[in-house]
Peer 1: 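Handing you this structure, nothing more for now.
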Amino acid sequence: MHPAYSVILFTTASGAGYGLLFWLAILSVFDNLPADLTLGMAGLGLAFALISGGLLSSTAHLGRPERAWRAFSQWRTSWLSREGIAAVATFVPFGLFAFGWIMLGQNQGIFGFVALIAAAMSIITVWCTGMIYQSLPTIRAWHQPLVSPVYVALSLASGGVLALTLLRLFGHESEDFGWVVVTFLAASLLLKRVYWSFIDAAPRDRTSGTATGLGRFGRVRPLEAPHTQANFVMREMGYAIARKHAAKLRMIVQLIGFVVPFLALVLTLTAAGPLTLPLTILGLLAVMFGVALERWLFFAEAQHVVTLYYGAEAA
Amino acid sequence: MTSLPAPSAKKLGLVIDLDTCVGCQACATSCKEWNTSGYSAPLSDHDPYGADPHGAWLNRIHAYDVGEGATSRTVHFPRSCLHCETPACVTVCPTGASYKRAEDGIVLVNPDTCIGCKLCSWACPYGAREYDYADGVMKKCTLCVDRIYNETLDPQDRVPACVKACPTGARHFGDLGDESSAVSQLVKAREGYDLMPEMGYKPVNKYLPPRPRRDAATTPSTPSTAAPVKTDGSATEKLFAWADKLLSR
């Protein structure tokens with residue numbers, strides 16, 4: 001599948017934004033995080049910028065962005081529509097939470113309650129994003145039960161590193177939370193590895209013979225293409241990277257996206273020192289780069305069944 | 001509305017005969033010609049006279065080499081929207097632009113409400129939908145909805161443009177929901193089949209498989225030599241023999 005850069009940017013940025021919102025809400029309610037004005041402005045402001053920036057960039061791949069509002073209408077059947085509604089609905093508890101924190105200096109009580117709603121809505125929104133892909137039977141690598149869980153796990157891991165960075169920047173170190181973030185990094189790496197083993201083990205039993213129904217007469221090979229240049233279907237669905245590159249890229253994702261931030265954060269948690277902040281920021285940059293690359297790979301590794309009509313032997 | 005309507009009794013669709021299709025592309029060009037000024041107008045092309053010409057077409061004709069060696073065969077394979085009974089291209093649409101008509105089962109895109117998100121093209125296993133880069137919306141086969149009900153056309157012309165154009169009669173149009181229709185009878189007689197039935201989209205269009213090779217019937221198993229004709233030596237016989245010799249020169 002062709003990786004649309006606006007979609008990679010959207011899912012990476014808004015995933016981290018929703019993760020950040022989730023953790024700020026959870027820390028407010030369960031960790032007595034003080035309603036510090038600068039932390040509130042920076043943290044909730046950054047979450048808002050990442051979420052809305054991501055949403056706006058996702059409209060960049062639309063042919064008719066001015067009609068995007070129509071996408072809120074088909075929640076009965078369409079996960080894309082559900083995602084849009086969930087994303088917009090999240091702004092309501094998010095806005096109330098931010099109002100309480102920034103304007104009234106309160107992030108508990110009734111504002112803790114709306115914070116928890118915002119946290120739940122964040123997860124629901126990211127889950128819907130994953131379901132857009134997971135619900136497509138035409139792409140074997142996406143039609144897997146772990147796709148949405150991985151989206152949520154990566155959102156919480158990247159948002160967690162982001163939240164930890166902000167806490168440390170504004171002097172609200174929380175060692176417990178540091179270990180929570182480290183645990184989420186390890187858990188999402190594990191989940192992603194299980195996902196990869198799933199898609200590698202999935203049988204590729206659809207062939208050009210089954211797609212054309214001509215397999216009963218023997219092996220089916222393309223003789224003449226319907227068009228001289230690549231058409232939309234080939235441009236959009238025909239993009240694939242070689243398996244050997246996929247293996248290398250998977251290694252880079254694991255190293256930079258998970259192992260580097262994991263080690264950097266463990267180091268800061270076990271041996272506090274002047275390098276704490278630089279190491280935390282290194283971890284943040286690494287996890288964001290890793291998640292963006294993982295998202296690109298998620299598209300580039302996915303093979304659409306229509307490629308069987310264009311010369312792919314199996315899908 | 002992208003929720004699917006209750007299954008319609010009427011299921012308009014095409015039956016494509018892979019035995020007689022010669023891959024001439026007449027259906028594809030005729031489709032492009034009609035639809036670039038019809039319901040789907042415009043069907044834009046990009047860089048048409050340049051190095052990388054491409055554009056939105058609603059019907060694509062592949063040719064495959066099937067089988068090995070002396071028993072292999074060339075099969076021309078037209079591919080377009082199959083107007084499925086349970087099409088995911090419709091249900092994934094976030095705006096309701098993609099819909100299935102309750103009255104005859106035709107799957108259409110409303111070009112006025114499509115946002116061009118392309119998700120429907122991802123959901124289609126058959127590659128039937130092509131995005132129009134210039135128009136910013138998705139295009140697909142309309143089963144020539146602007147021909148088949150068009151009372152300004154002569155009755156014999158109220159069929160999809162591809163069916164009308166096919167010089168070998170390899171494309172048939174009709175109601176596949178009606179068991180007594182000519183197309184349903186044809187599917188029955190020729191064991192018409194669905195493409196990728198395992199995907200569960202329940203295509204309405206059917207494909208008729210190539211007929212068995214006739215090599216066995218046309219190639220004599222032993223060289224035959226005609227038995228010599230007995231002659232009676234009459235004058236008429238001699239006249240015919242002379243004429244035969246003369247004409248054989």
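All of these numbers come straight from a predicted model, not from anything done at the bench. The chains referred to below are lettered A, B, ... by the order of the sequence lines, with proteins before strands, and numbering in each begins at 1.
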Peer 1: Picking from Glu130(B), Glu198(B), Arg73(B), which has the most non-hydrogen pairs under 4.5 angstrom with chain A?
Peer 2: Glu130(B)
Peer 1: Heavy atoms only, distances under 4.5 angstrom: which of Tyr309(A), Phe72(A), Trp75(A), Trp69(A) has the most pairs with chain B? Name it, please.
Peer 2: Tyr309(A)
Peer 1: Give, as side chain, backbone, both or neither, the part of Arg216(A) having an atom under 4.5 angstrom from any heavy atom of chain B.
Peer 2: side chain
Peer 1: List the atom of Pro203(B), the atom of Leu195(B), and the distance in Å for their closest heavy-atom pair.
Peer 2: CG-O, 3.7 Å
Peer 1: Does one side chain, of Thr129(A) or Glu83(A), offer a donor that lies under 3.5 Å from an acceptor on the other?
Peer 2: yes
Peer 1: Would you compute the distance between atom CG of Leu176(B) and atom NZ of Lys11(B) and round it to the nearest 0.5 angstrom?
Peer 2: 9.0 Å
Peer 1: Is there a donor-acceptor pair under 3.5 Å between the side chain of His83(B) and the backbone N or O of Val107(B)?
Peer 2: yes
Peer 1: Give me each pair satisfying ring-ring contact (aromatic ring centres under 6.0 Å, His included) with a member in residues 47-68 of chain B, each pair once, sequence neighbours excluded.
Peer 2: Tyr310(A)-His62(B), His46(B)-His54(B), His54(B)-Tyr133(B), His62(B)-Tyr64(B), Tyr64(B)-Phe77(B)
Peer 1: Can you name the nearest heavy-atom pair linking Met138(B) to Val109(B), along with the distance?
Peer 2: O-CG1, 3.7 Å
Peer 1: Which heavy atom of Arg101(B) sits nearest a heavy atom of Tyr99(B), and at what distance?
Peer 2: CG-CE1, 3.8 Å
Peer 1: Classify the angle between the aromatic ring planes of Tyr5(A) and His2(A) as parallel (below 30°), tilted (30 to 60°) or perpendicular (above 60°).
Peer 2: perpendicular
Peer 1: Answer yes when Asp112(B) and Arg70(A) have at least one side-chain N-carboxylate O distance shorter than 4.0 Å, and no when they do not.
Peer 2: no
Peer 1: Is it true that a side-chain atom of Ser40(B) and a backbone atom of Asn35(B) form a donor plus acceptor pair closer than 3.5 Å?
Peer 2: no
Peer 1: Determine which residues belonging to residues 54-68 of chain A lie within contact range of chain B, meaning some heavy atom pair is under 4.5 Å apart, and list them by number or answer 'none'.
Peer 2: His61(A), Leu62(A), Gly63(A), Arg64(A), Arg67(A), Ala68(A)
Peer 1: Write down the atom of Cys27(B), the atom of Ile61(B), and the distance for their closest heavy-atom approach.
Peer 2: SG-CD1, 3.5 Å
Peer 1: Quick test of your reading of the model: are Glu313(A) and Arg204(A) salt-bridged, counting only N-O distances below 4.0 Å?
Peer 2: no
Peer 1: Any ion pair linking Arg221(A) and Glu68(B) (charged N to carboxylate O, less than 4.0 Å)?
Peer 2: yes
Peer 1: With a strict 4.5 Å heavy-atom criterion, list every residue of residues 143-155 of chain A that contacts chain B, or say none.
Peer 2: none
Peer 1: What are the two closest heavy atoms between Gly127(B) and Val233(A), and how far apart are they?
Peer 2: O-CG2, 3.6 Å
Peer 1: Is any NZ, NE, NH1 or NH2 atom of the basic residue among Asp194(B) and Lys206(B) found under 4.0 Å from an Asp or Glu carboxylate oxygen of the other?
Peer 2: yes
Peer 1: Please flag which part of Ala230(A) lies under 4.5 Å from any non-hydrogen atom of chain B: side chain, backbone, both or neither.
Peer 2: backbone
Peer 1: Among Ala128(B), Gly136(B), Pro94(B), who wins on heavy-atom pairs under 4.5 Å with chain A?
Peer 2: Pro94(B)
Peer 1: Side chain, backbone, both or neither: which part of Met196(B) has a non-hydrogen atom closer than 4.5 Å to chain A?
Peer 2: both
Peer 1: Using non-hydrogen atoms and a 4.5 Å limit, figure out which bit of Trp142(A) sits close to chain B: side chain, backbone, both or neither.
Peer 2: side chain
Peer 1: With Arg193(A) as the cation and Trp196(A) as the aromatic partner, state whether NZ or CZ is under 6.0 Å from the six-membered ring centre and within 45° of the axis.
Peer 2: no
Peer 1: Could you tell me which of Ala56(B), Pro210(B), Pro197(B) has the largest number of non-hydrogen atom pairs under 4.5 Å with chain A?
Peer 2: Pro210(B)
Peer 1: Looking at chain B, which one of Ile139(A), Asn231(A), Leu136(A) has the largest number of heavy-atom pairs inside 4.5 Å, strictly under?
Peer 2: Asn231(A)
Peer 1: Could you tell me whether the side chain of Lys140(B) and the main chain of Ser121(B) form a donor-acceptor pair under 3.5 Å?
Peer 2: no
Peer 1: Sort out for me which of Gly67(B), Pro78(B), Cys114(B), Cys124(B) touches chain A most, counting heavy-atom pairs under 4.5 Å.
Peer 2: Gly67(B)
Peer 1: Could you have a look at Ala88(B), Gly116(B), Gly23(B), Ser72(B) and say which one has the most heavy-atom pairs with chain A under 4.5 angstrom?
Peer 2: Gly116(B)
Peer 1: Could you grab the distance from atom CG of Asn110(B) to atom SG of Cys93(B), nearest 0.5 Å is fine?
Peer 2: 9.5 Å
Peer 1: In Å and rounded to the nearest 0.5 Å, what is the OG1 to CG distance from Thr36(B) to Leu43(B)?
Peer 2: 5.0 Å
Peer 1: Would you compute the distance between atom CE of Met1(A) and atom OG1 of Thr138(A) and round it to the nearest 0.5 angstrom?
Peer 2: 7.0 Å
Peer 1: Just so I understand: if I count every heavy-atom pair under 4.5 Å between each of Gln229(A), His227(A), Arg82(A) and chain B, which residue has the most?
Peer 2: Gln229(A)
Peer 1: With a 4.5 angstrom heavy-atom cut-off, could you sort out which part of Cys117(B) is near chain A: side chain, backbone, both or neither?
Peer 2: both
Peer 1: Among residues 291-307 of chain A, which residues come closer than 4.5 Å to chain B, judged by heavy atom distances?
Peer 2: Phe299(A), His304(A), Val305(A), Val306(A)
Peer 1: Judged by atom type as modelled, is there a donor-acceptor pair below 3.5 Å linking the side chain of Asp132(B) to the main-chain atoms of Ser44(B)?
Peer 2: yes
Peer 1: With a 4.5 angstrom heavy-atom cut-off, is it the side chain or the backbone of Asp135(B) that approaches chain A, or both, or neither?
Peer 2: both
Peer 1: If you take all heavy atoms of Pro137(A) and Arg206(A), which pair is closest and at what distance?
Peer 2: O-NH1, 3.7 Å
Peer 1: For chain B, which candidate among Thr210(A), Ile132(A), Thr212(A) shows the most heavy-atom pairs at distances under 4.5 Å?
Peer 2: Thr212(A)
Peer 1: Given heavy-atom pairs under 4.5 angstrom as the criterion, report whether the side chain, backbone, both or neither of Tyr193(B) touches chain A.
Peer 2: side chain
Peer 1: Which answer fits Arg79(B), side chain, backbone, both or neither, if we ask what part of it has an atom under 4.5 Å from a heavy atom of chain A?
Peer 2: side chain
Peer 1: Given heavy-atom pairs under 4.5 angstrom as the criterion, report whether the side chain, backbone, both or neither of Val75(B) touches chain A.
Peer 2: side chain
Peer 1: With chain A as the partner, which of Ala51(B), Pro53(B), Ala28(B) has the greatest number of non-hydrogen pairs under 4.5 Å?
Peer 2: Pro53(B)
